[in-house]
Amino acid sequence: MPVQTAPAKLSESELQDAIAEFLFTHDSGYLGTVGEDVPRVSPVRYYADEDFNVYIHSRGGSKFDNLAQNDNACLLVCTEFIDDLTKIRGIQVFGQAQVAEAGDPMFEMAEEFCPWQHTDDIHLIRIKPKEIIYVDSISGTKIKQRWTS
């Protein structure tokens, strides 16, 4: 019977660095929201700030109906699976979402560091993280660790 080793554990500083490196080197993920009756997962493009707040532009859709009913949201950002179902790297950002329109101070602040051009007819979703789950089973060590704000 093979010997099972305990998952690696990062220090708080190492965990924050690993989350930042992954979060800032990707720009696409999946936004999960849930309303009264309908859960929804939407592919999105995002950017983030140094406090791990995530910003998403969107023109509309039922994700906004869900957020009007329930401001809890989750953003999943991950690599593709390698070889099997156990080799993956990624983060899940869990937090409270706020929606802003052009002219709103939060929208204008986020636009200052938006890395791409976009049309003016969009809304902004900001997810303020409560916790982030970091998973890395690609680097040779198995890590699954929780960061909380």
Side-chain angles (χ1 to χ4, degrees), residues 6-35 38-68 70-102 104-149:
K9 180 118 170 118
L10 301 173
S11 70
E12 185 71 17
S13 175
E14 291 170 326
L15 178 60
Q16 287 180 358
D17 289 347
I19 290 169
E21 184 273 328
F22 196 85
L23 186 65
F24 298 139
T25 58
H26 292 81
D27 70 359
S28 300
Y30 302 93
L31 175 66
T33 61
V34 65
V38 183
R40 170 151 178 126
V41 177
S42 305
V44 295
R45 188 171 187 201
Y46 74 89
Y47 57 101
D49 66 25
E50 62 189 28
D51 295 322
F52 301 150
N53 292 304
V54 174
Y55 301 91
I56 299 163
H57 289 127
S58 178
R59 284 198 174 93
S62 61
K63 64 184 147 296
F64 290 99
D65 296 335
N66 284 355
L67 291 172
N70 181 345
D71 66 355
N72 289 306
C74 175
L75 177 73
L76 169 66
V77 181
C78 63
T79 63
E80 293 183 17
F81 283 98
I82 299 173
D83 297 331
D84 61 28
L85 297 178
T86 62
K87 293 184 181 173
I88 193 166
R89 184 171 179 227
I91 56 173
Q92 291 174 289
V93 180
F94 296 93
Q96 304 311 122
Q98 290 179 279
V99 176
E101 310 296 330
D104 182 289
M106 181 178 71
F107 188 102
E108 300 307 321
M109 180 276 308
E111 288 300 287
E112 290 181 20
F113 58 96
C114 179
W116 55 76
Q117 296 294 317
H118 54 78
T119 61
D120 292 334
D121 60 339
I122 59 169
H123 311 283
L124 178 77
I125 299 169
R126 179 183 76 174
I127 302 173
K128 184 173 177 69
K130 286 186 173 183
E131 72 175 1
I132 299 174
I133 306 296
Y134 175 75
V135 173
D136 182 356
S137 59
I138 292 176
S139 66
T141 58
K142 291 185 177 183
I143 299 168
K144 183 175 183 181
Q145 201 165 331
R146 173 180 282 120
W147 172 88
T148 56
S149 60

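Quick note: numbers below take in every heavy atom, side chains included, and nothing from hydrogens, waters or symmetry partners.
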Among side-chain atoms of R146 and T148, is any donor-acceptor pair under 3.5 angstrom? no
Out of curiosity, M106 CE to R126 CZ, how far, rounded to the nearest 0.5 Å? 5.5 Å
Is the number of heavy atoms from other residues, nucleotides or ligands within 6.0 Å of CD (E101) greater than 12? yes
Under 3.5 Å donor-acceptor, S11 side chain and E14 backbone: yes
Can a donor-acceptor pair be found, under 3.5 Å and without considering hydrogens, that links the side chain of Y47 to the backbone of A110? yes
Tell me the closest heavy-atom pair linking P129 and N53, and the distance in Å. CD-OD1, 3.5 Å
May I ask you to decide if D51's main-chain N or O and D49's side chain share a donor-acceptor pair within less than 3.5 Å? yes
Has the side chain of N66 got a donor or acceptor atom that lies under 3.5 Å from a matching backbone atom of V38? yes
Check whether any side-chain N or O of T33 sits under 3.5 Å from a backbone N or O of L67 as a donor-acceptor pair, and report yes or no. no
Using side chain to side chain contact (heavy atoms under 4.5 Å, CB included), reason through K130 and Q96 one step at a time and then give a plain yes or no. CA-CA 7 Å; K130 286 186 173 183; Q96 304 311 122; 3.0 Å; yes
Nearest 0.5 Å please: distance from the CD atom of E50 over to the CZ atom of F113. 9.0 Å
Interatomic distance, OH@Y55 vs CG@L75, rounded to 0.5 Å, equals 13.5 Å
Could you walk me through whether D65 and R40 pass the side chain to side chain contact (heavy atoms under 4.5 Å, CB included) test, one step at a time? CA-CA 10 Å; D65 296 335; R40 170 151 178 126; over 6 Å; no
Any donor-acceptor pair under 3.5 Å linking the side chain of S137 with the backbone of I88? yes
Would you say Q145's side chain and L15's backbone share a donor-acceptor pair under 3.5 angstrom? no
Going through the checks in order, is the side chain to side chain contact (heavy atoms under 4.5 Å, CB included) test met by T79 and F22? CA-CA 10 Å; T79 63; F22 196 85; 4.0 Å; yes
Side-chain donor or acceptor of H123 paired with backbone N/O of R59 under 3.5 Å: yes
Given V93, I127, V54, L31, the one that forms side chain to side chain contact (heavy atoms under 4.5 Å, CB included) with Y46: V54
